[in-house]
Amino acid sequence: MSLPTNHAGHLEIGGADALTLAADYQTPLVVYDVAQIRQQVRAFQHVFETAHVDGIVSYASKAFASIAMYQVMQQLNAHIDVVSGGELTTAIAAQFPMPHVSFHGNNKSEAELVMALDAHVGTIIVDNFHELALLDHLTTARQQPVDILLRITPGISAHTHEYDQTGQVDSKFGFDLDSNQATAAVAQAMQAPYLNLRGIHAHIGSQIFALEGFIAVTHKLMSLLADWAQTFDFTPEVLNVGGGFGIAYTKDDDPLPPEAFVQAIVEAAKADSTALQMSLPQIWIEPGRAIVGPAGYSLYTIGSRKDVPGLLPYVAVDGGMGDNIRPALYQAKYEAVLASAPQAPATETVHLVGKYCESGDILIDRQPLPTTHPGDIVAVCATGAYGYAMASNYNRNPRPAVVFVENGQAKIVVSRETFADLIHLDQSYL
Ligand SMILES: *Cc1c(COP(=O)(O)O)cnc(C)c1O
């Protein structure tokens, strides 16, 4: 990976020296290069603009949700997806414009739906019949209209390099197509006096490298919209193709630029619009990982080391599975550099491990590094998506601080948890 360095040869993030960040804010530390976040959102928006297509970038905020992140998305005029009352509360606290919020989830509670209606969330993406009935009931009782999309299970799934035309019908998300659940859901939504059905949604997977799955799902959704328009008194306004655009975690990953996926989606939708003689709906995309993943770094301080003759040494850092569960959870791969000398040639390959009481707490199984010493700072790259967002207090370790850096200026946007935070919910049993 070619990483920016400063005159001292140190890793630079958003124009700030990684060693200074580690010294100023301690480790483990999550650092975002905000310019990189902005640039990616603008690159997506640019595809829509140059194609003269009405398009919406809705950041899938489960990848990393915080008040500051929502503020940056608002500055960019992006929308956001939320999937829980907690994310919605964060968006409200950020004074994010509620018309630009979409509420997702396969089991939204009644309380969450009431919260969303109270907040006047822009779009509720309805996942199932239980939710459809509940929302019909709530909006009728409140005499409050709400815009909805229906999430369908497209029967197309994608895994990194392949996609499957008939795959993943067996999914917990969305209305099934083959058993006509989706059509029944449209009929039900059209009957509901306060539900304004605007379009369709599907999401085919995550960390996808091939365009074909997105093209296939676009065709599928466009033809469904055309069917619905023919069968019902329904005007297709929104085509939401989800997210899942793949990013590089290591030098073995060679993804297309994320905007290439949007280009392919736009072209497929335009072609269908002509072929189906249907006006082009607004196209919504929901990238999460592609917006925040490459922009995030995790800084750690090296501590202990264990050498076993004939085996790779274990080098331990002051974080691990509590701030990044992805390697332990699904064998996610990352790369790390020595922050003081990212370009220095490696002298050994080590197991880069965490401090948690699990043998599986291995951040990077085989990491080439120069010789390291206790106190050295390592940076794990591309940790911005689903890292902090999935952080836990396992072993009662506090979660790290999160810092945003832009033009060399750093600002704490999520404070480091304290030991007092860790026990503040505990109640005495005596
Ligand atoms: C998780 C998710 C996304 C974002 O996926 P990424 O891989 O982070 O781009 C988008 N839409 C839906 C419905 C999701 O569940």
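One-based numbering, in listed order, for ligands and for the atoms of each.
With G105, S58, A60 as candidates, the residue nearest to atom 4 (C) of ligand 1 on a non-hydrogen basis is A60.
Side chain of D227 to main chain of L224: no donor-acceptor pair is present (N/O by atom type, distance under 3.5 Å, no hydrogens or angles). When atom types are taken as modelled, the side chain of K220 and the backbone of A202 share no donor-acceptor pair closer than 3.5 angstrom. The backbone N or O of I92 lies less than 3.5 Å from no partner atom in the side chain of Q95, so there is not a single donor-acceptor pair. Listed for the Q45 side chain is a donor-acceptor partner under 3.5 Å among the backbone atoms of L76.
Each of the following atoms of ligand 1 lies closer than 4.0 Å to a heavy atom of R151: 13 (C). With ligand atoms numbered from 1 in the order given, ligand 1 contributes 9 (O) to contacts under 4.0 Å with heavy atoms of P287. The H201 neighbourhood of ligand 1 comprises atoms 13 (C), with distances under 4.0 Å to a heavy atom of that residue. Close approach to G244 involves these atoms of ligand 1, each under 4.0 Å from a residue heavy atom: 5 (O), 6 (P), 7 (O), 9 (O).
Heavy atoms only, all atoms of each residue included: D254 and F209 are closest at N-CE2, 4.1 Å.
For the pair R289 and ligand 1, the shortest N or O to N or O distance falls below 3.5 Å. For H104, no nitrogen or oxygen atom sits less than 3.5 Å from a nitrogen or oxygen atom of ligand 1, counting backbone and side chain alike. Residue G288 places at least one N or O, backbone or side chain, under 3.5 Å from an N or O of ligand 1.
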- Verify salt bridge (Lys or Arg N to Asp or Glu O under 4.0 Å) between K251 and E335, making sure each step is shown before the conclusion. CA-CA 8 Å; K251 54 183 163 315; E335 276 172 15; 3.3 Å; yes
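Regarding atom 7 (O) of ligand 1, its nearest protein heavy-atom neighbour is S206 OG, 2.5 Å. When hydrogens are left out, the protein atom nearest atom 11 (N) of ligand 1 is E286 OE1, 2.8 Å; that is the closest non-hydrogen contact. Closest to atom 8 (O) of ligand 1, if we only count protein heavy atoms, is Y386 OH, 2.5 Å. At the shortest separation from atom 14 (C) of ligand 1 among protein heavy atoms lies K62 NZ, 2.8 Å.
Applying the 6.0 Å contact sphere to CZ of R142 captures more than 12 heavy atoms from other residues, nucleotides or ligands. Atom CD of Q75 has more than 12 neighbouring heavy atoms from other residues, nucleotides or ligands inside a 6.0 Å radius.
Relative to the six-membered ring of Y386, R326 misses at least one condition, a distance below 6.0 Å or an angle of at most 45° to the axis.
Put simply, no part of F173 is less than 4.0 Å from ligand 1, judged by heavy atoms. Heavy atoms of A290 stay at 4.0 angstrom or farther from ligand 1.
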